[in-house]
Amino acid sequence: MVKARIGRRAAAVLAGLLASVLLLAGASPALADQAGEGSQEKGAQKLDRLRSGKATLRVGTDATFPPFEFTEAGGGKTGFDVELVRALAERAGIKKVTFTQMPFGNIVPALQAHQMDVGASAIYISDARSKAVDFTDVYYPGGLAMFVPDDDDSVHVLDDLAGKKVAVQVGTKSVEWLKEHQPRAQPVTVQTNEQMFSSVKLGQADAVVTGAPGGQYFIAQQGGLKQVGKRLTGENYGYAFPKSDTAVTAAFDSALKNMKSDGSYAKLTDKWFAAKDTAKSDKDQPLLNPSTIVDSWDQIWHGLLVSVMVILLSLCLSLILGMLGGFAKLSKVLPVRWLGNAYVSVIRGTPFVVQLFFIYFGLPQLGLQLSPMVAGVLALGLYSGSYVTEIFRGAVQAVDRGQIEAARSCGMSHGAAMRHVVVPQAFLRMLPPLGNEFVSLTKNSALVSFITIGELFLVGQTIISRTFDALTVYLFIGFLYYVLTNLIGSATQAIEKKMAVYV
């Protein structure tokens, strides 16, 4: 009887949720069109909206690659790409521009999913990328180069990299180029520009293959490395646009041509690429530098608030989904029970990052476009909810069946018996495993940085790209996560003590 009632209620709730999802999926293309961000919007119409100020030009960038783009202590984006894009947008008549931090390898997928309007992150123009996105004319000459430690005299030409560990950044030209031209090298693939150079300075890699301008800027600012030989390739940098935005691309090309002709482009390149040598020796740099945290505190505080918001929203969603999933798995209605089992099997059986990328990058191709915050919270809630489902189911089944029967024999209704007898006891049994699950959710929240949510971990990476002080920043970020997880543990213990009166 208990399971039958649960099954009918769960069936009604799941049916309502399914209807809501279908309505949302049907309405999402219309919502995207209203926002001027839909994949079917014509390029000319989009340019008109940008020029009228009704739409904002969304620029995706990996602001960890100075001097092209990096994050200031106050949290603002700066660099050659940032200033040039703003100048080009102004000349094109575009009124609003916003920059969004994201991993380099996610920029092209974000353009394809129409989550971004421009990719500006020292992106090489290549035939492979040109099949997925459109490029402007060349805005700066690039080309790969080799960099090794100052005291390394074993590398002079490309052949010398055979058998050596070579650091490359994921999603960049250097990854495929190294495999093709020096297959005997051992690639060390990292996420950020700073990690490439640090891996060599720390002895985790023997060399770096990356863009020559960025490598030369690192040497001028930090030292410890040297360029070996001339440039390996002659590729050039361009700004990337979705295939459908031909009018916006043409407007940028025209503005770039005008800047080169009137001398403003030359002034900007001199500002960023005529950098003076400010590198300090390792002896001048303390092992831990508290000023790194102090100077970036506003940025860290904002990232902490975003992390807390993501955690709390995901926690609430996981509880709701876990409760519904638990009722579904207890249901005697076969289709409802099958849905509950399928939810747990699919979500727990696939990596969280795959689910996150599918929701943010995959669903737009099906007509459902979500903001980064919504996508991140939804992915975290779904993933954690699958574990909460099993916790909830197990806790309810652990309550002695005689409890509900005794309550009903005393004249209690089914709802009253569940509310006053079964649920309090089940909830008390759930608390320890729920606490562990919410701690895991807190740590997994760092992964939403991959879809441009500016939480604590992403903020830490942008600070390191500017200061190259990985030890100080990661220690402090780790301490903040430690505090968050212990607060959750303390809260669950306090609730457990208060609920003990029901036992």
Practice task
Find the distance between OG (Ser264) and CG (Leu88) and round it off to the nearest 0.5 Å.
Solution key: 8.5 Å
Practice task
Please assess Ser126 against Glu235 for the test side chain to side chain donor-acceptor pair (under 3.5 Å), listing each intermediate value before the final yes or no.
Solution key: CA-CA 8 Å; Ser126 68; Glu235 293 94 351; over 6 Å; no
Problem - Considering all heavy atoms, the nearest Pro66-Phe70 contact - result: CB-CD2, 3.5 Å
Exercise for the section: Taking Ser52 for its side chain and Arg49 for its backbone only, find out whether a donor-acceptor pair lies under 3.5 Å. Expected result: yes
Problem - Gap between atom CD of Glu437 and atom OH of Tyr387 - 0.5 Å precision - result: 7.5 Å
Problem - Distance in Å, Phe80 CZ paired with Glu69 CD, rounded so as to fall on 0.5 Å steps - result: 10.5 Å
Fill in the blank from the handout: Rounded to the nearest 0.5 Å, the CD1 atom of Ile107 sits from the OG1 atom of Thr61 at a distance of 5.5 Å
Handout entry: Test side chain to side chain donor-acceptor pair (under 3.5 Å) applied to Gln115 and Thr452, step by step
Key = CA-CA 10 Å; Gln115 301 282 11; Thr452 78; over 6 Å; no
Completion exercise
Closest non-hydrogen atoms of Ala63 and Lys77, given as atom of the first, atom of the second and distance, are CB-CD, 3.5 Å
Practice task
Just do the side chain to side chain contact (heavy atoms under 4.5 Å, CB included) check on Asp160 and Val228 with the steps written out, would you?
Solution key: CA-CA 11 Å; Asp160 295 334; Val228 178; over 6 Å; no
Problem - Polar side-chain atom of Gln227 near backbone of Gly229 as donor-acceptor pair, under 3.5 Å - result: yes
Practice task
For residues Val170 and Pro103, determine if any side-chain heavy atom of one lies less than 4.5 Å from a side-chain heavy atom of the other.
Solution key: no
Practice task
Dump the intermediate steps for side chain to side chain contact (heavy atoms under 4.5 Å, CB included) on Leu382 and Ile359, then the final yes or no.
Solution key: CA-CA 11 Å; Leu382 281 170; Ile359 291 173; 4.1 Å; yes
Practice task
Please report the C-alpha distance between Ile477 and Tyr481 in whole Å, then the side-chain angles of each, then the deciding distance to 0.1 Å, and finally whether the side chain to side chain contact (heavy atoms under 4.5 Å, CB included) criterion is met.
Solution key: CA-CA 6 Å; Ile477 296 299; Tyr481 276 113; 3.6 Å; yes
Handout entry: Whether Gln169 side chain and Gln191 backbone form a donor-acceptor pair below 3.5 Å
Key = yes
Handout entry: Mutual orientation of the aromatic rings belonging to Trp177 and His181 [parallel < 30°, tilted 30-60°, perpendicular > 60°]
Key = parallel
Handout entry: Contacts of Tyr265 that satisfy ring-ring contact (aromatic ring centres under 6.0 Å, His included) - sequence neighbours left out
Key = none
Practice task
Assert yes or no for the condition that the ring centre distance of Phe68 to Phe273 is strictly below 6.0 Å.
Solution key: yes
Exercise for the section: Determine whether more than 12 heavy atoms belonging to other residues, nucleotides or ligands lie under 6.0 Å from atom NZ of Lys165. Expected result: no
Completion exercise
In short, Val459 meets Gly303 closest at the heavy-atom pair CG2-CA, 3.8 Å
Exercise for the section: Let me see the working for Thr64 and Gln195 under side chain to side chain contact (heavy atoms under 4.5 Å, CB included), right down to the final yes or no. Expected result: CA-CA 10 Å; Thr64 62; Gln195 291 171 359; over 6 Å; no
Completion exercise
CG of Leu356 to CG of Asn444, rounded to nearest 0.5 Å, is 10.5 Å
Exercise for the section: With sequence neighbours excluded, tell me which residues meet salt bridge (charged side-chain N to carboxylate O under 4.0 Å, His left out) with Arg91. Expected result: Asp262
Exercise for the section: Hey, could you give me the OG1/CG distance between Thr98 and Leu57, rounded to the nearest 0.5 Å? Expected result: 9.0 Å
Exercise for the section: Give the ring-plane orientation class for Tyr239 versus Phe252, where under 30° counts as parallel, over 60° as perpendicular and anything between as tilted. Expected result: perpendicular
Practice task
Could you tell me whether the side chain of Ser121 and the main chain of Asp62 form a donor-acceptor pair under 3.5 Å?
Solution key: yes
Practice task
Establish, yes or no, whether a centroid distance under 6.0 Å links the rings of Phe218 and Phe468.
Solution key: yes
Handout entry: Shortest non-hydrogen contact from Val85 toward Ala120
Key = CG2-CB, 3.8 Å
Practice task
Determine whether more than 12 heavy atoms belonging to other residues, nucleotides or ligands lie under 6.0 Å from atom CD of Gln204.
Solution key: yes
Exercise for the section: Would you tell me whether Asp81 and Tyr140 have side-chain atoms, one donor and one acceptor, within less than 3.5 Å of each other? Expected result: no
Practice task
Determine, using ring centers only, whether Phe241 and Phe135 are less than 6.0 Å apart.
Solution key: no
Practice task
Could you tell me whether the side chain of Gln369 and the main chain of His114 form a donor-acceptor pair under 3.5 Å?
Solution key: yes
Handout entry: More than 12 heavy atoms from other groups under 6.0 Å of CH2 on Trp297
Key = yes
Exercise for the section: For atom NZ of Lys179, decide whether the heavy atoms of other residues, nucleotides or ligands shown that lie under 6.0 angstrom number more than 12. Expected result: no
Fill in the blank from the handout: salt bridge (Lys or Arg N to Asp or Glu O under 4.0 Å) pairs touching residues 214-230, sequence neighbours excluded, are Asp153-Lys226
Exercise for the section: Verify side chain to side chain donor-acceptor pair (under 3.5 Å) between Thr292 and Asp469, making sure each step is shown before the conclusion. Expected result: CA-CA 8 Å; Thr292 299; Asp469 189 4; 2.9 Å; yes
